[in-house]
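What follows is one structure encoded as structure tokens, with my remarks underneath.
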Amino acid sequence: QVQLVESGGGLVQAGDSLRLSCTASTRTFSRYTMGWFRQAPGKEREFVAAITWGTDRTTYYADSVKGRFTISRDNAKNTVYLQMNSLKPDDTGDYYCASRSSYDSTWGSWGQGTQVTVSS
């Protein structure tokens, strides 16, 4: 199982930016699709963004964050990033990093989460 550690959360004002990082403890990081999810208070966890493994690095985004968030990865650092711009109060929540191996259809490992609070 891959160990994932998120960082970069905090308290910001609406319109500000934050960059989340997630570092994985695996030598085969490049073979994992990586994703970000979030859970707002009182709500279910929801998909935010994902980036595939391999050279394609195809990205996917929830409609609510398209044009504002950017997911990227640095395989040399075993790290995936989530650049969040133009933050809104609705973006408030705990943000989780997840990994999915190239031969798996489910998200196999999850981080502990990092909290993001956006004040209006």
Side-chain angles (χ1 to χ4, degrees):
Q1 193 171 8
V2 179
Q3 301 297 318
L4 302 171
V5 179
E6 303 98 334
S7 62
L11 171 63
V12 297
Q13 294 186 334
D16 285 351
S17 298
L18 272 179
R19 189 177 79 157
L20 305 182
S21 300
C22 170
T23 301
S25 63
T26 174
R27 294 183 179 181
T28 58
F29 178 75
S30 63
R31 299 178 189 173
Y32 284 83
T33 289
M34 300 300 296
W36 286 98
F37 294 75
R38 68 186 181 189
Q39 186 168 19
K43 295 186 178 181
E44 294 187 352
R45 188 175 298 186
E46 65 176 2
F47 169 78
V48 175
I51 184 167
T52 61
W53 65 283
T55 57
D56 287 345
R57 300 192 182 187
T58 303
T59 56
Y60 301 88
Y61 296 95
D63 288 342
S64 59
V65 307
K66 279 182 183 176
R68 299 188 299 121
F69 290 12
T70 302
I71 188 171
S72 61
R73 64 191 298 161
D74 185 338
N75 289 341
K77 296 182 178 180
N78 280 13
T79 300
V80 61
Y81 303 98
L82 185 67
Q83 178 66 43
M84 305 186 294
N85 298 330
S86 302
L87 282 161
K88 305 175 182 180
D90 284 348
D91 295 319
T92 294
D94 293 322
Y95 283 70
Y96 298 89
C97 174
S99 65
R100 188 177 74 208
S101 69
S102 58
Y103 53 84
D104 205 348
S105 61
T106 61
W107 298 96
S109 295
W110 295 81
Q112 294 296 312
T114 185
Q115 189 172 52
V116 173
T117 303
V118 184
S119 64
S120 57

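Computation of the quantities below employed the complete heavy-atom set of this structure, encompassing side-chain atoms and omitting hydrogens, waters and symmetry-equivalent molecules.
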Verify, without hydrogens or angle tests, whether E6 (side chain) and G113 (backbone) share a donor-acceptor contact under 3.5 angstrom. yes

Check the pair S17 / N85 against side-chain hydrogen bond (donor to acceptor under 3.5 Å, both in side chains), numbers first and verdict last. CA-CA 4 Å; S17 298; N85 298 330; 2.9 Å; yes

Side chains of D90 and S64: closer than 4.5 Å at any heavy-atom pair? no

Is the closest side-chain heavy-atom distance between V80 and W36 below 4.5 Å? yes

I would like to know whether M34 and L82 meet side chain to side chain contact (heavy atoms under 4.5 Å, CB included); could you show each step before the answer? CA-CA 11 Å; M34 300 300 296; L82 185 67; over 6 Å; no

According to side chain to side chain donor-acceptor pair (under 3.5 Å), who are the partners of T92, at least two apart in sequence or on a separate chain? none

Of all heavy-atom pairs linking A24 and L4, the shortest is CB-CD2, 3.5 Å

Establish whether W107 and Y60 are linked, either directly or via other cluster members, by ILVMFWY side-chain heavy-atom contacts under 4.5 Å. yes

Is there a path from V5 to L18 through hydrophobic residues (I, L, V, M, F, W, Y) whose side chains come within less than 4.5 Å of each other? no

Close side-chain approach of Y81 and T70, heavy atoms under 4.5 Å: no

Residue pairs fulfilling disulfide bond (SG atoms under 2.5 Å apart) with at least one residue in residues 14-113, sequence neighbours excluded: C22-C97

Taken in chain and number order and not counting sequence neighbours, the residues that satisfy salt bridge (charged side-chain N to carboxylate O under 4.0 Å, His left out) with D56 are none

Could you tell me whether D91 and K88 make a salt bridge, using a distance below 4.0 angstrom between a side-chain N and a carboxylate O? no

Would you find a donor on one side and an acceptor on the other, under 3.5 Å apart, between the side chain of N78 and the backbone of S25? no

So, R31 side chain and S102 main chain: donor-acceptor pair closer than 3.5 Å or not? no

For a quick test of reading the model, state the closest non-hydrogen atom pair linking S86 to R68 and the distance between them. O-NH1, 2.9 Å

Establish, yes or no, whether a centroid distance under 6.0 Å links the rings of F37 and W110. yes

Do V118 and D16 have side chains that approach each other closer than 4.5 Å (heavy atoms only, starting at C-beta)? no

Using every non-hydrogen atom in the two residues, find where S120 and A14 come nearest and quote the distance to one decimal. CA-CB, 4.4 Å

Examine distances only and state if a side-chain atom of Y61 and a backbone atom of I71 form a donor-acceptor pair shorter than 3.5 Å. yes

Quick check: do V65 and M84 have side-chain heavy atoms less than 4.5 Å from each other? no

Euclidean distance, F69 CZ relative to L20 CG, rounded to 0.5 Å: 8.0 Å

Above 12 or not: heavy atoms from other molecules or residues under 6.0 Å from CD of Q112? no

Are side-chain heavy atoms of I51 and Y32 found at a separation under 4.5 Å? no

Starting from L87, can I reach V48 by hopping between I/L/V/M/F/W/Y residues whose side chains sit under 4.5 Å apart? yes

So, the side chain of R73 versus the backbone of T52: is there a donor-acceptor pair under 3.5 Å, distance only? yes

Spacing of CD belonging to Q39 relative to OH belonging to Y95, to within rounding of 0.5 Å: 12.0 Å

Rounded to the nearest 0.5 Å, how far does CZ of F29 lie from OG1 of T79? 6.5 Å

I want to check something: taking the side chain as every heavy atom from C-beta on, are S21 and K77 in contact at a cut-off of under 4.5 Å? no

